[in-house]
Undergrad: 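Shown below is the structure under consideration.
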Amino acid sequence: MNYRLGIDVGGTNTDAVILDEGYNPLAKAKTPTTADVTEGISTVLSKVLSEGGVAPEEIKYAMLGTTHCTNAIVERKRLNRVGIIRLGRPATLAIKPMTGWPEDLKEAVGNCFWIVGGGHEFDGRRIAPLDEEGLRRALDEIKGRVDAVAICSVFSPVDSEHEQRAAEVVAEELGEDVPVSLSHEIGSIGLLERENATILNAAVVKVASATAAAFQAALRQHGISCKTYFAQNDGTLMSVDYAVRYPIFTVACGPTNSIRGAAFLSGLRDAVIVDVGGTTTDVGVLVNQFPRESSVAVEIGGVRTNFRMPDLVSIGLGGGSIVRQEPGPDGRVRLRVGPDSVGYQLTSRARVFGGDTLTATDIAVASGVAAIGERRLVQDLPDDLVHSAQEVIVHMVEEAIDRMKTSAKPLPVVLVGGGSILLPDDLRGASETIRPAHFEVANAIGAAIAQVSGQVERIYSLAEISREEALAEAKKMAVAEAVAAGADPATVEIVEVEDVPLAYLPGNATRIKVKAAGDLLT
Amino acid sequence: MPRKLGIRDIQDIATGAAVLGTGGGGDPHIGMLMAIQAIEEYGPIELISPEELPDDALIVPSAMMGAPTVIVEKIPSGEESLVAFEALQSYLGREVYATIPIEAGGLNSMIPLALAARTGLPVVDADGMGRAFPELQMVTYHLGGLKATPMVLTDEKGNSLVLNTIDNFWTERLARSATVDMGGASLIAIYPMSGKECKEHGIAGIVTLAGQIGAAIREARGSHDSAIDRVLEITGGFRLFEGKIVDVSRRTEGGFARGEATLAGMGSDQGETLRISFQNENLVARTERGEVLACVPDLITVLDAETGKPVTTEALKYGYRVVVIGIPCSEKWRTPEGLEVVGPRYFGYDIDWVPVEELARDREGRSR
């Protein structure tokens, strides 16, 4: 047997699922996410194995989507001290690395940077030769003072030679064991945002290796010996080796897993996905089976970054959202749902479970939309309260759906996540609503079925090369990257192509972005 | 009275510059970070009003030219404007008295501030546009008959180039191609002028105005109505339309990002549709029935309905709830000569310019 295990760590719950070769779910389990995330993973692993009666040795692949790295950045805990090397002198001196960072985060990563000669122009010419001597002097100073190095060169998405060479010099000076993060492998055009993402990546390398080790230990403990992967925020997988080098790509993988899981369960290629959890609802868009990427700078832990992230609207609405009546600005009583939530304590604190807190779930049960817990416990709720609260909930979700659509045309809406029982079948802006089987563990399924991808983003001058040639070259590079990351060459497809002409530049400068994805080579 | 600008002022001016940028002009964010770092290293900036300038003083605008996409990647060294000013001083054999923004909107609002902090030169509270425009000759200094040259272009490597041209259209052409060789962006010292000329042809008080707009948006954080109302009060502007963006189309023509945004009305504009045409900046706002609500050179700015913060043309996307405001442009543009350079027909629209305040009054009258 060739089973797959998928685990997704969410803000409220940690979910797991085991799929057979045909991707049919054999077992699923849910457990509260614990403060020490690894503990919850171990618990859910025991649960899912005992529920499905699956022999551990039948599991050949294990995929983990986790919030370890995000949490480390947000909490400023367990971060590496990072030596930051920017290649671009004399350009870029007007704005130093880490400008605009929160002070505590700057301190946590060591606030240690150098700007060295190097970098390129938009058309690939060099700004200056790489100043190897200056680089070696900088490395001499940081030797022993940093755990990791981040390198960011001007226009490295156009030409990465200086970053590559600098990485070799770092290995010579500091040894092979010091992890090095290169910006062209992490972000796109926009020096400061790409540099920020690269620094954050270097800062969580240690957390990622510890997480990988703990996950593998937990698997071994349960008798599972298999290949392990991490889920990335674009809906594809990376090997543990790769994840330890590019841990920043695990940030926001949870919502992405839900979107991919919803795509798989519904069989749709294009749709709006609404994932209702215990505390929040994420609304994303599925385009050709993958989540649409955000086109604007995304903040992580108070830092502006520009690496790929799923385009999401998150609202403070979940199954555990607390429902309150409070006086509005005009003095009249109004209803508020969330953003605070009873979270994983839903089954002890919600009214339908005998608790004393009025939650969104109680409203859904009272209004007949959902049937869990004991309905008689909410029979005393006044009709107009139930009615208006239900209206607030539906309105919040409809607004979020509307903000995510790119046209006024109604689209199919797929409802997933444990909290999606709050929602009725009829939603404004939806051509139809779909509640697939196993909707409550769509995120873990998304992790389990994830593919492997490669992505390329470059600026081409269409004066020198035709658009077709440029696209063909970028596609070839993306496919090669996907295969290098572990994809089966026979299944690799181009899943996304974007070309954007750049204003005010000559020679028809165009930014081309291509992504290829394929099934895991088994 | 001269006054000092600190970091908070710079942040407010940057927000105001995005409002005056009418959707284009480049994101002031990078320029703001440059100015803040310069203030942190060299101290606050002195802002002086045009009236304080001696008539014979040499005033030189500083700016960035080229692609904003390049500047966000190849950030300046900070020395470029210094080199440009030194080259111009030695060419003219005179000391520069003060610098001044060429445009108060967008990224270029910030470049003179960063330079001023480094050099100690004062910044004149005026500019040559009262907003943002895409071309070098689209300045009130040009209308006043001033020449763009001698101008100096510099790059981060230390190269500098002094240009002397027969007219401002040649300046635009030669400076553009030098800028490309410099890597797609250059820093420039341009339109050197006397204190007297600055008083006559500059748009006075615009830096202060940008700061007031930014402060109003900052202070009103969280209550959008008051932010937008305060901006209208400060600028003498009009609320043109409230709606949701339902479509955005973009294309690149002649190096410019052109396009149209379509808005479905909300609130009192329910049932109406507005189209905003842009070429880097927002140029014309008209309803589906063909009624023009505002057009260039008057300012058309899109504000986020929730926060009152300005939305650039690049950030326009489906689903955004926005309020479109119109701000009367400087009187200097409201002449036959001014309209020839920056009126709707120059940008290829077959309409005549009518002041935004007149259009607003007419519309008000009809809805009664």
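Each chain gets a letter, A, B and so on, in the order its sequence line appears, and its residues count up from 1.
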Undergrad: Taking only residues two or more places apart in sequence or in another chain, which ones pass salt bridge (charged side-chain N to carboxylate O under 4.0 Å, His left out) with A:E161?
TA: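 Scan of A:E161 (salt bridge (charged side-chain N to carboxylate O under 4.0 Å, His left out), adjacent residues dropped) gives A:R126.
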
Undergrad: Among the options A:R403, A:R125, A:E193, pick out the one with the most heavy-atom pairs lying under 4.5 Å from chain B.
TA: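 Heavy-atom pair counts peak at A:R125.
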
Undergrad: For the interface with chain A, which of B:K157, B:R321, B:Q37, B:E156 has the highest count of heavy-atom pairs at distances below 4.5 Å?
TA: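 If we count pairs closer than 4.5 Å to chain A, B:Q37 comes out on top.
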
Undergrad: With a 4.5 angstrom heavy-atom cut-off, which part of A:I127 approaches chain B: side chain, backbone, both or neither?
TA: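 Answer is both: backbone and side chain atoms of A:I127 are under 4.5 Å from chain B.
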
Undergrad: Under a 4.0 Å N-O cut-off, is there an ion pair linking B:K74 with B:D155?
TA: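 No, B:K74 and B:D155 are not salt-bridged.
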
Undergrad: Taking side chain as everything from C-beta outward and backbone as N, CA, C, O, which of these in A:R304 sits under 4.5 Å from a heavy atom of chain B? Side chain, backbone, both or neither.
TA: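 Only the side chain of A:R304 comes within 4.5 Å of chain B.
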
Undergrad: Quick one: do B:R118 and B:E79 make a salt bridge, cutoff under 4.0 Å?
TA: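 Salt bridge present between B:R118 and B:E79.
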
Undergrad: Below 4.0 angstrom, N of the basic side chain to O of the carboxylate: do B:E172 and B:R176 qualify?
TA: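 A salt bridge links B:E172 with B:R176.
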
Undergrad: Identify which part of A:R89 has an atom lying under 4.5 Å from any heavy atom of chain B, answering side chain, backbone, both or neither.
TA: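 Neither part; nothing is under 4.5 Å.
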
Undergrad: Determine the sole option in A:I199, A:V303, A:N111 for which the side-chain contact (heavy atoms from CB on, under 4.5 Å) test with A:L105 is passed.
TA: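 Answer to the side-chain contact (heavy atoms from CB on, under 4.5 Å) test with A:L105 among A:I199, A:V303, A:N111: A:V303.
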
Undergrad: Taking all non-hydrogen atoms of both residues into account, name the closest pair between A:A166 and A:L130 and its distance.
TA: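 Minimum heavy-atom separation between A:A166 and A:L130: N-CD2, 4.1 Å.
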
Undergrad: Against chain A, label B:I36 side chain, backbone, both or neither, depending on which of its atoms sit under 4.5 Å from a heavy atom there.
TA: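 Neither; nothing under 4.5 Å.
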
Undergrad: Please classify the contact of B:M65 with chain A as side chain, backbone, both or neither, using a heavy-atom distance under 4.5 Å.
TA: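 No part of B:M65 comes within 4.5 Å of chain A.
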
